[in-house]
Trainee: 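The structure under discussion is supplied below as structure tokens; questions concerning it will follow.
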Amino acid sequence: MMQQKIVLATGNQGKVKEMAGVLAQFGFEVAAQSEFGIESPEETGLTFVENAILKARHAAKISGLPAIADDSGLAVTALGGAPGLYSARYAGEEGNDGKNRAKLLADMARIPQAERGAKFVSVIVLLQHENDPTPLIAEGACYGEILFEEKGTNGFGYDSLFFYPPKNASFAELEPTEKKKVSHRANALAVLRQRLNGK
């Protein structure tokens, strides 16, 4: 497979690190959008799919290269799916993980153990060019529950509050290599791999 340069449309370094190695296996030479001076567009979509397409289209337009974007978040059942699309700015400040976790803990304080179900959702979109009418869309999810306190020091975002029953640990207690195998993004990337292989 020939190497094809592709722009990863995110400003989140955690995502860049997590996705670059996997995408390289698909034959893509991955470049973060920051290498092209691209800033993320305003996320005005009402779904993860819409926001991922917005981000990929923006990066493809500016770079002139194929682009891949991920939109992901945490959906808590007891909160009606919140923080959802607003996971990165749940506490009102873009990317402040500590404040976001503190708000989630406060909002969940009175929710009993049996009602703390949650899922991480990831939607990955690949556009061959800005006006690609048939984007590849891959969705993945990972199911768990929200802890009453933070556990673990690995990962980023809400990882220290997300308990993953099959491993009997929070995402932040897992080694990065373990998390990569079971995460919502890993599941979405597995679907993407199937779609790419099927072309």
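For the single chain, residues carry numbers from 1 onward in sequence order.
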Trainee: Apply side-chain contact (heavy atoms from CB on, under 4.5 Å) to residues Leu174 and Asn154 and explain how you reach the verdict.
Mentor: CA-CA 7 Å; Leu174 298 178; Asn154 294 328; 5.9 Å; no
Trainee: Quick one: does NZ or CZ of Arg116 land under 6.0 Å from the six-membered ring centre of Phe148, within 45 degrees of the ring axis?
Mentor: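 That pair qualifies as a cation-pi contact.
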Trainee: What pair of heavy atoms forms the shortest contact from Ala172 to Lys151, and how long is it?
Mentor: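 So the minimum-distance heavy-atom pair works out to CB-O, 3.5 Å.
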Trainee: Let me check something: do Val121 and Met108 share a hydrophobic cluster, defined by ILVMFWY side-chain heavy atoms less than 4.5 Å apart, either directly or through other members?
Mentor: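 In one cluster with Val121: Met108, no.
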Trainee: Could you measure the distance from the CD atom of Glu149 to the OG atom of Ser170? Nearest 0.5 Å is fine.
Mentor: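 Reported to 0.5 Å precision, the distance equals 10.5 Å.
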Trainee: Looking at every non-hydrogen atom in both residues, tell me the closest pair between Gln128 and Leu126 and how far apart they are.
Mentor: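 In this case the closest contact between Gln128 and Leu126 is NE2-CD2, 3.5 Å.
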Trainee: Report the C-alpha separation of Glu39 and Gln33 in whole Å, then their side-chain angles, then the decisive distance to 0.1 Å, and conclude whether the side chain to side chain donor-acceptor pair (under 3.5 Å) test is met.
Mentor: CA-CA 7 Å; Glu39 294 189 6; Gln33 66 178 12; over 6 Å; no
Trainee: Do the charged groups of Asp159 and Lys179 touch, with an N to O distance under 4.0 Å?
Mentor: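 Answer for the salt bridge query: yes.
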Trainee: What is the minimum heavy-atom distance between Asn100 and Ala88, and which atoms define it?
Mentor: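 That would be ND2-O, 3.1 Å.
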Trainee: Once you round to the nearest 0.5 Å, how far does CG of Asp71 lie from CZ of Phe48?
Mentor: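 Between Asp71 CG and Phe48 CZ, I get 6.0 Å after rounding to 0.5 Å.
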Trainee: If Ile, Leu, Val, Met, Phe, Trp and Tyr residues are connected whenever their side-chain heavy atoms lie under 4.5 Å apart, and connections chain through other members, are Ile6 and Val191 in the same group?
Mentor: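 Hydrophobic grouping puts Ile6 apart from Val191.
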Trainee: Taking only Lys NZ, Arg NE, NH1 and NH2, and the carboxylate oxygens of Asp or Glu, determine whether Glu93 and Lys99 approach each other closer than 4.0 Å.
Mentor: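 Salt bridge between Glu93 and Lys99, a charged N being under 4.0 Å from a carboxylate O: yes.
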Trainee: Taking atom types as modelled, find out whether Tyr158 and Asp97 have a side-chain donor-acceptor pair closer than 3.5 angstrom.
Mentor: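 Distance-only check fails for Tyr158 and Asp97.
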Trainee: Of the non-hydrogen atoms in Lys180 and Ala186, which two are nearest, and what is the gap between them?
Mentor: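 The answer is O-CB, 2.6 Å.
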Trainee: To the closest 0.5 Å, what do you measure between NZ (Lys55) and CG (Leu8)?
Mentor: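 Answer rounded to 0.5 Å: 10.0 Å.
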Trainee: So how far is it from Leu192 CG to Leu196 CG, rounded to the nearest 0.5 Å?
Mentor: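 Here the rounded value is 4.5 Å.
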Trainee: Taking a hydrophobic cluster as the set of Ile, Leu, Val, Met, Phe, Trp and Tyr residues connected by side-chain heavy atoms closer than 4.5 Å, whether directly or through intermediates, do Val182 and Leu161 fall within one such cluster?
Mentor: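 Shared cluster, yes.
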Trainee: Can you confirm whether or not the ring centre of Tyr143 sits under 6.0 Å from the ring centre of Phe120?
Mentor: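 Not under 6.0 Å, so no.
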Trainee: Looking only at heavy atoms, what is the nearest atom pair of Leu54 and Gly45, with distance?
Mentor: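 Answer, listing the atom of Leu54 first, then Gly45: CD1-N, 3.6 Å.
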Trainee: Take Phe162 and Cys142, measure what side-chain contact (heavy atoms from CB on, under 4.5 Å) needs, and give me the verdict at the end.
Mentor: CA-CA 10 Å; Phe162 186 80; Cys142 184; 4.2 Å; yes
Trainee: Is a side-chain N or O of Arg57 found less than 3.5 angstrom from the main chain of Glu130, in a donor-acceptor match?
Mentor: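 Checking the backbone N and O of Glu130 against the side chain of Arg57, a donor-acceptor pair under 3.5 Å is found.
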Trainee: Rounded to the nearest 0.5 Å, what separates atom CZ in Arg101 from atom CG in Asn96?
Mentor: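 Spacing of CZ (Arg101) from CG (Asn96) equals 8.5 Å.
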Trainee: Determine whether a donor-acceptor pair (N or O, by modelled atom type, separation under 3.5 Å) exists between the side chain of Glu50 and the backbone of Leu46.
Mentor: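 Yes.
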Trainee: Atom CG of Leu147 and atom CD of Gln113: how far apart are they, to the nearest 0.5 Å?
Mentor: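 The CD atom of Gln113 is 8.0 Å from CG of Leu147, to the nearest 0.5 Å.
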Trainee: Report yes if the side chains of His184 and Ser72 come closer than 4.5 Å at any heavy-atom pair, otherwise no.
Mentor: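 Side chain of His184 against side chain of Ser72, heavy atoms only: contact under 4.5 Å found.
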Trainee: Are Leu127 and Ile137 joined in one hydrophobic group, where the rule is that I, L, V, M, F, W and Y side chains link up if heavy atoms are under 4.5 Å apart?
Mentor: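 Yes, one cluster joins them.
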Trainee: Start with the C-alpha distance between Ile68 and Val7, add both sets of side-chain angles, then the distance that settles side-chain contact (heavy atoms from CB on, under 4.5 Å), and finish with yes or no.
Mentor: CA-CA 6 Å; Ile68 191 163; Val7 181; over 6 Å; no
Trainee: List the residues meeting side chain to side chain donor-acceptor pair (under 3.5 Å) with Ser87, not counting sequence neighbours, and say none if there are none.
Mentor: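 If we apply the side chain to side chain donor-acceptor pair (under 3.5 Å) test to Ser87, skipping adjacent residues, there are no hits.
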Trainee: Are Val76 and Leu85 connected into the same hydrophobic cluster when the rule is that any two of I, L, V, M, F, W, Y join if their side-chain heavy atoms are below 4.5 Å apart?
Mentor: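 Result: no, two separate clusters.
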Trainee: If you look at every heavy atom in Leu79 and Asp107, which pair is closest and at what distance?
Mentor: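 Leu79 and Asp107 have their closest heavy atoms at CD2-O, 4.1 Å.
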Trainee: Hey, are the side chains of Ile146 and Ile111 touching, using non-hydrogen atoms and a 4.5 Å cut-off?
Mentor: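 When only atoms from C-beta onward are counted, Ile111 and Ile146 do not touch, as no gap falls below 4.5 Å.
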Trainee: Checking Phe171 against Ser183 for the side-chain contact (heavy atoms from CB on, under 4.5 Å) test, could you report, in this order, the C-alpha distance in whole Å, the side-chain angles of both residues, the deciding distance, and whether it holds?
Mentor: CA-CA 9 Å; Phe171 261 11; Ser183 75; 4.3 Å; yes
Trainee: Is there a side-chain contact between Glu115 and Thr77, using heavy atoms and a 4.5 Å cut-off?
Mentor: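 The answer is no; the side chains never approach within 4.5 Å.
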Trainee: Is there side-chain contact between Glu139 and Val49, with heavy atoms separated by less than 4.5 Å?
Mentor: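 Yes, their side chains come closer than 4.5 Å.
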Trainee: Side-chain contact test, heavy atoms from C-beta onward, threshold under 4.5 Å: evaluate it for Glu29 versus Gln4 and give yes or no.
Mentor: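 When only atoms from C-beta onward are counted, Gln4 and Glu29 do not touch, as no gap falls below 4.5 Å.
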